[in-house]
Amino acid sequence: MPLSHISQSLLTRLKIPKFYLYLILLFSLPVYSIPSTPQPGDIYSSDDIWENLIYFHDAEFKIRNRKFLFSFDNPSPKLEKQLTIQAIKDSPRLACRFPARYSYLLRKGFLEKQKLNCPELTEYKNKVAADRFYYIFASKNYSSITSMMGHGMIAAEGTNSRGKKVRHAYSFFADLSDTNLPSLFYNSFLGGMDGALVLRPLKNELDRYLVEEGRELWQLELKLSHKKRELLRDALWELKDIEPEYLFHTFNCATLLQYTLAIVAPETLNHRTFFTSPLDIYRALQEEHYISHIQIRYAQNALENFGATYQAVQPTEELQDSSISLYYKDGLHLTFMSASHSFNTPQVSTVSQTALKIGAIDLNLSRKEIEELALYEFLDITPKKKVSSHFFIGSSKNDYDNFNKQTINTSISFGKTWENDRVSFSLLSGLRVQPKTLINPLLEGYLTYKINDYTTITSTANYQTDLHQSQYKLKANINKRIGKSHVLFFGAETTKPRNYDKLNFFTGLEYYF
């Protein structure tokens with residue numbers, strides 16, 4: 001089947017929805033020297049390159065799919081190598097399906113060269129030029145769960161066999177056509193979602209981010225030899241029918257890309273973090289010197305919204321995506337956030353602060369109780385003409401009669417943001433839904449004063465009512481980033497009208513990793 005038909009059939013079968021989630025894949029394989037023929041006793045022994053090719057990391061297969069593993073019923077790297085060799089010997093045409101593995105095994109001396117007729121693979125190589133490869137990072141967009149940690153993709157560019165200059169992007173889509181919000185959270189973190197790799201013209205992907213979503217793109221040209229570029233196309237071909245299972249926290253787009261990069265650049269695995277994001281891939285490529293050139297592409301409305309002197313923030317200057325902290329308020333508190341940052345986290349070269357919390361918990365160690373649990377929260381504060389928004393789902397102290405009581409709740413609010421020099425102010429209104437009082441009107445205010453890129457003063461105000469009684473929360477922070485990984489903060493807060501004469505002061509240190 002022609003490659004274009006493969007891509008189209010995948011898109012048709014998935015019914016790509018309005019609210020889609022796409023990861024993006026992939027990368028490639030290294031240059032191998034041709035060694036002497038191995039001794040019979042070690043022909044099936046495992047090695048790092050082979051394990052990277054079959055996505056075996058941390059003592060487990062990251063891609064468990066019968067279409068991908070010959071040893072699916074009893075998987076192991078050694079057995080997978082043995083069965084792959086035997087399968088290609090018995091049916092040489094399988095080398096057309098697994099050209100990267102075939103090339104590796106051939107170079108290692110485990111297989112003899114086969115006379116192959118691979119029309120589909122040949123058509124793919126004739127259409128997709130691979131003179132250059134890029135890693136493209138799209139800036140973060142907190143208003144969409146598909147974009148809240150940025151996005152990364154691999155692009156190929158060059159002149160094809162017909163002498164035409166072409167550019168393509170490899171993208172992985174998760175099927176969300178029949179997904180509502182509750183099932184989306186369950187499937188993203190627990191149940192898993194099916195996906196499929198598609199090949200599309202790069203222009204379509206660039207237009208999506210630059211025109212439709214108004215995001216910046218950082219295009220990194222990668223240092224890869226001719227042999228590695230050839231093997232890259234083979235590796236991508238092997239993944240075209242696979243449909244890896246997507247889980248947001250353990251196997252997302254960046255995770256898959258990171259493991260694929262390890263085939264050609266195993267050093268990048270030294271930069272693995274607790275939660276892998278597209279920005280972590282950027283950092284790993286930069287620190288391991290795999291970038292030969294960087295080009296920044298601005299959204300069409302960037303200069304209109306931010307002025308002619310606007311400059312994009314260098315993504316790698318931001319803090320890492322996970323954090324842990326200790327602070328003292330009404331006792332000693334321990335907080336942990338799997339990803340990504342709070343409203344108080346100093347953000348480089350921006351005035352308006354944002355927030356994105358995934359799996360964040362605040363424990364009062366002195367009282368042995370939970371202060372707050374945020375399963376998912378985003379605060380997208382957007383100046384100029386756009387709408388700012390805040391969403392929260394989790395558990396917090398919102399009971400009107402007993403402030404120490406935890407209440408499961410969800411809230412959503414919308415509003416407007418004003419900026420002037422170093423000051424940003426946002427006013428949002430919405431609703432909070434919680435047990436007993438059900439629907440509660442909500443009013444929120446956010447104030448930021450930017451001293452510099454590493455120091456901010458932030459303040460929040462929250463008013464909630466059930467139309468019979470009210471609750472107020474006021475909080476102010478000074479937040480100072482120290483070095484690459486730490487944030488020192490102190491401030492004061494008060495809650496409910498009767499506590500206005502009693503301030504709770506706090507101070508602490510946060511570590512991002």
Side-chain angles (χ1 to χ4, degrees), residues 3 25-57 61-63 65-72 75-131 133 154 156 158 161 170 197 222-242 259-267 269:
L3 187 65
L25 295 154
L26 294 149
F27 218 69
S28 73
L29 306 166
V31 178
Y32 309 107
S33 59
I34 302 176
S36 58
T37 302
Q39 297 299 316
D42 64 4
I43 189 171
Y44 298 131
S45 61
S46 178
D47 59 69
D48 291 341
I49 295 174
W50 176 252
E51 291 182 356
N52 291 340
L53 275 171
I54 60 177
Y55 293 79
F56 184 81
H57 298 276
F61 284 91
K62 299 301 181 179
I63 296 180
N65 189 299
R66 192 176 294 275
K67 297 178 183 178
F68 192 69
L69 295 178
F70 290 98
S71 62
F72 178 82
S76 76
K78 181 178 179 180
L79 181 59
E80 184 64 24
K81 182 183 288 184
Q82 179 180 357
L83 294 180
T84 302
I85 293 171
Q86 191 60 51
I88 293 176
K89 285 182 176 180
D90 293 342
S91 178
R93 186 168 175 78
L94 283 173
C96 300
R97 175 66 189 88
F98 296 100
R101 295 192 208 183
Y102 168 69
S103 178
Y104 166 75
L105 295 170
L106 183 65
R107 290 174 180 273
K108 295 289 284 187
F110 296 151
L111 283 172
E112 295 182 357
K113 191 170 183 178
Q114 305 288 329
K115 186 176 181 180
L116 301 173
N117 179 25
C118 307
E120 293 179 8
L121 179 59
T122 301
E123 181 187 5
Y124 163 67
K125 290 184 176 182
N126 286 339
K127 287 186 175 180
V128 180
D131 299 335
F133 277 97
I154 292 297
S161 60
Y170 297 86
L197 177 67
L222 302 176
K223 296 177 183 178
L224 292 176
S225 67
H226 175 70
K227 288 292 185 182
K228 289 182 180 181
R229 295 197 302 270
E230 287 184 339
L231 287 169
L232 170 54
R233 287 190 297 186
D234 291 347
L236 293 168
W237 177 261
E238 290 192 3
L239 289 163
K240 71 180 180 65
D241 291 329
I242 299 308
Y259 290 141
T260 308
L261 275 168
I263 300 169
V264 65
E267 309 92 330
L269 289 181

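FYI, the numbering just counts along the sequence from 1. Side chains are part of it too, since the values below use all heavy atoms of this structure and drop only hydrogens, waters and symmetry mates. Keep in mind that what you see is a predicted model, and the values were worked out from it rather than measured.
- Going from atom CD1 of Ile154 over to atom CG of Leu261 covers 6.0 Å, rounded to the nearest 0.5 Å.
- No side-chain heavy atom of Leu121 sits less than 4.5 Å from a side-chain heavy atom of Arg97.
- The heavy-atom pair separating Leu224 from Arg229 by the smallest distance is O-NH1, 2.9 Å.
- Shown here for Pro92 and Leu116, the closest heavy-atom pair between the two residues is O-CD2, 3.3 Å.
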Can you list the steps and then say if Phe133 with Lys228 is a side-chain contact (heavy atoms from CB on, under 4.5 Å)?
CA-CA 10 Å; Phe133 277 97; Lys228 289 182 180 181; over 6 Å; no
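- Considering only residues two or more places apart in sequence or on other chains, Gln114 meets the side chain to side chain donor-acceptor pair (under 3.5 Å) condition with none of them.
- How far CD of Glu123 is from SG of Cys118: 13.0 Å, rounded to the nearest 0.5 Å.
- Paired with Asp234 under the rule salt bridge (charged side-chain N to carboxylate O under 4.0 Å, His left out), one option of Lys125, Lys227, Lys240 passes, and it is Lys125.
- Of all heavy-atom pairs spanning Ser71 and Ser76, the tightest one is OG-N, 3.7 Å.
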**Message:** Working note: Thr84 + Trp50, criterion side-chain contact (heavy atoms from CB on, under 4.5 Å); need CA distance, chi angles, decisive distance, verdict.
**Reply:** CA-CA 11 Å; Thr84 302; Trp50 176 252; 3.9 Å; yes
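- Checking side-chain atoms of Tyr170 against main-chain N and O of Ala156 turns up no donor-acceptor pair under 3.5 Å.
- In terms of modelled atom types and a separation under 3.5 Å, the side chain of Asn52 and the main chain of Ala262 share a donor-acceptor contact.
- Atom CG in Leu53 sits 7.0 Å away from atom CD in Glu238 (nearest 0.5 Å).
- Proximity of Ile63 to Leu239: side-chain heavy atoms (C-beta onward) are separated by under 4.5 Å at one or more points.
- Partners of Asp90 by side chain to side chain donor-acceptor pair (under 3.5 Å), not counting sequence neighbours, listed by chain and number: Gln86.
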Before you tell me yes or no, could you show the steps for Thr260 and Tyr55 under side-chain contact (heavy atoms from CB on, under 4.5 Å), namely the whole-Å CA-CA distance, both residues' side-chain angles and the distance that decides it to 0.1 Å? CA-CA 8 Å; Thr260 308; Tyr55 293 79; 2.7 Å; yes
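- Considering all non-hydrogen atoms of both residues, Leu111 and Leu106 come closest at O-CD1, 3.3 Å.
- For the atom pair CG of Asn65 and CD1 of Ile242, the computed distance is 5.0 Å after rounding to the nearest 0.5 Å.
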_Is there a side-chain contact (heavy atoms from CB on, under 4.5 Å) between Val264 and Leu232? Walk through the geometry before answering._
CA-CA 8 Å; Val264 65; Leu232 170 54; over 6 Å; no
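- Nearest heavy atom pair, residue Phe61 against residue Pro77, reads CZ-N, 3.7 Å.
- Atom OG of Ser103 and atom CG of Leu231 lie 4.5 Å apart (nearest 0.5 Å).
- In plain terms, the two heavy atoms of Arg233 and Ala129 that are nearest each other are NH1-CA, 4.3 Å.
- In this structure, Arg101 satisfies the cation-pi test against Phe68, with its NZ or CZ atom closer than 6.0 Å to the six-membered ring centre and inside 45 degrees of the ring normal.
- Atom-to-atom distance recorded for Glu51:CD and Tyr259:OH is 12.5 Å, nearest 0.5 angstrom.
- Side-chain contact between Lys81 and Lys108 is absent, with no heavy-atom pair separated by less than 4.5 Å.
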